[in-house]
2 protein chains.
Amino acid sequence: MLKMRKTIVIYGLALAVLTLLLNVLEYKFFIRDLSMEVYMGLIAIMFTIVGIWVATKIIRRKTETVIKEVPVLVQQSHFELNEKELQRLGISNREYDVLEQMSQGLSNQEIADKLYVSLNTVKTHASNLYIKLDVKRRTQAVQRAKELGLIP
Amino acid sequence: MLKMRKTIVIYGLALAVLTLLLNVLEYKFFIRDLSMEVYMGLIAIMFTIVGIWVATKIIRRKTETVIKEVPVLVQQSHFELNEKELQRLGISNREYDVLEQMSQGLSNQEIADKLYVSLNTVKTHASNLYIKLDVKRRTQAVQRAKELGLIP
DNA sequence: ATTCTCTTCATACTAAAGTATGATTTCCAG
DNA sequence: CTGGAAATCATACTTTAGTATGAAGAGAAT
């Protein structure tokens, strides 16, 4: 609002200066000889320019901010482990580790290497997992685990 | 640019109308009696308003577009098959059938029974799939296929 | 007509997965 | 301190998965 007042002051001054200028021109160069239409046209154009200038001064600060909401697909960033299900099914820590690696598509041997245990150990954990998840194969285990929110 | 031309036309018309109006006023109501300053002031104010109007018409198009990225969790509720990938990888119809059943956690034998083909046929399709998907195991194949949008 | 892909299937393997059982150690709770 | 769960591993075995190779019919494309 402070700037508004400033704009009005500037506008008033500009008007005064132009009026003076026109008066000076009027008496010094006999512009009165020109037809009224041309005279008015000049003033009109001048003040249209002034108007545009004023408008830009005012409106520049009132730029319409169009907030365009662009939907961004987020790949499952919100996974939260369903610990209740884990407990309910009685899945142990190590079994869960194996399940995780399984869901990454690793073979039993690769899981064994990653977890620093023997192949047989992984097989045992896997077998126990299948019983607890009530499935027969690892592909089903991964499917079921995802359904139950045990893995992302 | 089309809109610019339209604005100019409107402006020209407005100027003409106002000039005419002033001429009519001039001869009918003896406005000439008013001092030149007041007369000019009125014209100035009028055309300042016109200028502002023109300016708003022009400037309104300078809207600041703030692109706000809204994260949208897509729970893959509506799956749309990525046929381009299927073609790119050269996966045949039958191979895709096997892939689908595979992702359901079925064994090769179960898939064979479901598709009314022999176990060996399923194995062949599976093997070819692994080559095309560049994976080694069915678990990885399912994973990869999901990433590529081949299966839900 | 013949080349090519898809589909089917077989045989013969190798590799991996999965089951069953038992043993050992560690660690926690009753 | 002791019974039980958890974790580890082994041996032995069965079942599935996966590879390699070849073959043959069907249909589309050239």
Side-chain angles (χ1 to χ4, degrees), chain A residues 81-148 150-151, chain B residues 81-148 150-151:
Chain A
L81 196 141
N82 189 345
E83 293 192 59
K84 289 172 190 170
E85 273 302 302
L86 270 185
Q87 283 203 305
R88 194 180 67 78
L89 298 171
I91 292 171
S92 72
N93 287 1
R94 223 41 177 157
E95 283 162 1
Y96 183 72
D97 291 341
V98 170
L99 178 61
E100 270 186 315
Q101 301 305 313
M102 227 175 224
S103 74
Q104 297 302 307
L106 300 189
S107 68
N108 287 340
Q109 186 58 64
E110 287 168 337
I111 296 171
D113 293 344
K114 206 159 188 177
L115 300 182
Y116 302 109
V117 292
S118 80
L119 173 62
N120 289 308
T121 304
V122 174
K123 284 185 174 185
T124 305
H125 288 322
S127 265
N128 292 330
L129 265 173
Y130 302 153
I131 294 167
K132 289 171 181 176
L133 288 170
D134 191 30
V135 295
K136 288 178 182 174
R137 276 171 289 285
R138 59 172 46 216
T139 39
Q140 291 180 338
V142 171
Q143 248 206 165
R144 188 123 185 74
K146 284 188 180 181
E147 282 170 15
L148 297 173
L150 305 181
I151 49 174
Chain B
L81 196 139
N82 188 346
E83 292 192 57
K84 288 172 189 171
E85 273 302 304
L86 269 184
Q87 281 202 305
R88 194 180 68 78
L89 298 173
I91 292 171
S92 73
N93 288 1
R94 223 43 176 155
E95 282 163 0
Y96 183 72
D97 290 343
V98 170
L99 179 60
E100 271 185 315
Q101 300 306 314
M102 226 176 225
S103 75
Q104 297 302 309
L106 300 190
S107 68
N108 286 341
Q109 187 58 65
E110 287 167 338
I111 295 170
D113 294 344
K114 208 160 187 177
L115 300 181
Y116 303 109
V117 293
S118 80
L119 173 61
N120 288 309
T121 304
V122 175
K123 283 184 174 185
T124 305
H125 288 324
S127 265
N128 292 331
L129 265 173
Y130 301 155
I131 293 166
K132 289 170 182 177
L133 289 171
D134 189 32
V135 296
K136 290 179 181 173
R137 276 173 288 286
R138 57 171 51 213
T139 40
Q140 291 180 339
V142 172
Q143 248 206 165
R144 186 124 186 71
K146 284 188 179 181
E147 282 171 15
L148 296 173
L150 305 180
I151 48 173

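Residue numbering restarts at 1 for every chain, and letters A, B, ... go by the order of the sequence lines. Since we're looking at a predicted model, the values are computed, not measured.
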Next on the checklist: Does Leu129(A) form a side-chain contact (heavy atoms from CB on, under 4.5 Å) with His125(A)? I'd like the steps, not just the answer.
Outcome noted: CA-CA 6 Å; Leu129(A) 265 173; His125(A) 288 322; 5.6 Å; no
Item to check | Gln104(A) and Lys114(A), any side-chain heavy atoms less than 4.5 Å apart | outcome: no
Checklist entry - Within a strict 4.5 Å, meaning less than it, do heavy atoms of the Tyr130(B) and Arg137(B) side chains meet? => result no
Checklist outcome for this item: Between Ala126(A) and Leu119(B), the residue closer to the 5' end of DNA chain C by nearest nucleotide is Leu119(B)
Checklist outcome for this item: Applying side chain to side chain contact (heavy atoms under 4.5 Å, CB included) to Ser127(A) and not counting sequence neighbours gives none
Next on the checklist: Tell me every residue that passes side chain to side chain contact (heavy atoms under 4.5 Å, CB included) with Lys136(B), counting only those two or more places apart in sequence or in another chain.
Outcome noted: Gln140(B)
Next on the checklist: Walk along nucleotides 20-30 of chain C from 5' to 3' and tag each nucleotide B, S or - by protein heavy-atom contact under 4.0 Å, base first, then sugar-phosphate.
Outcome noted: -----------
Write down the distance between [atom1] ([X]) and [atom2] ([N]), rounded to a whole number of angstrom.
X         : N       : atom1 : atom2 : value
Leu115(A) : dC9(D)  : CG    : C1'   : 15 Å
Asp113(A) : dA16(C) : CG    : P     : 11 Å
Leu86(A)  : dA6(D)  : CG    : C1'   : 15 Å
Lys136(B) : dA17(C) : NZ    : C1'   : 17 Å
Arg138(B) : dA17(C) : CZ    : C1'   : 11 Å
Gln109(A) : dT14(C) : CD    : P     : 19 Å
Lys123(A) : dT8(D)  : NZ    : C1'   : 15 Å
Asn108(B) : dT8(C)  : CG    : P     : 14 Å

In terms of side-chain heavy atoms of [X], which of [options] is nearest?
X         : options                  : value
Ser107(A) : dA16(C), dA17(D), dA7(D) : dA16(C)
Arg137(B) : dA7(D), dA17(C), dC9(C)  : dA17(C)
Thr121(A) : dT19(C), dT8(D), dA10(C) : dT8(D)

Next on the checklist: Tell me the closest heavy-atom pair linking Met102(B) and Ala126(B), and the distance in Å.
Outcome noted: CE-CB, 3.6 Å
Checklist entry - What pair of heavy atoms forms the shortest contact from Ser103(A) to Ile151(A), and how long is it? => result CB-CD1, 3.5 Å
Checklist entry - Just checking Ser118(B): base, sugar-phosphate only, or nothing, at a heavy-atom cut-off of under 4.0 Å? => result sugar-phosphate
Which donor-acceptor pairs under 3.5 Å do the side chains of residues 91-100 of chain A make with protein atoms, sequence neighbours left out?
from, atom 1, to, atom 2, distance (Å)
Ser92(A), OG, Glu95(A), N, 3.3
Ser92(A), OG, Glu95(A), OE1, 3.4
Arg94(A), NH1, Asp97(A), OD2, 3.1
Arg94(A), NH2, Leu115(A), O, 3.1
Glu95(A), OE1, Ser92(A), N, 2.9
Glu95(A), OE1, Lys132(A), NZ, 2.7
Glu95(A), OE2, Lys132(A), NZ, 3.1
Tyr96(A), OH, Leu150(A), O, 2.7

Dump every N/O contact between nucleotides 4-6 of chain C and the protein below 3.5 Å, one line per pair.
none

Checklist entry - Should His125(A) be listed as having a side-chain N or O under 4.0 Å from OP1 or OP2 of dC9(D)? => result no
Look up atom [atom1] in [X] and atom [atom2] in [Y], then write down how far apart they are to the nearest 0.5 Å.
X         : Y         : atom1 : atom2 : value
Leu119(A) : Thr124(A) : CG    : OG1   : 9.0 Å
Thr139(A) : Leu106(B) : OG1   : CG    : 8.0 Å
Ile131(A) : Asp134(A) : CD1   : CG    : 10.0 Å

Next on the checklist: How bent is the helix from dA1(C)-dT30(D) to dC27(C)-dG4(D), measuring the angle between the end axes built from five pairs each, rounded to 10°?
Outcome noted: 40°
Checklist entry - Is the number of heavy atoms from other residues, nucleotides or ligands within 6.0 Å of CZ (Arg144(B)) greater than 12? => result no
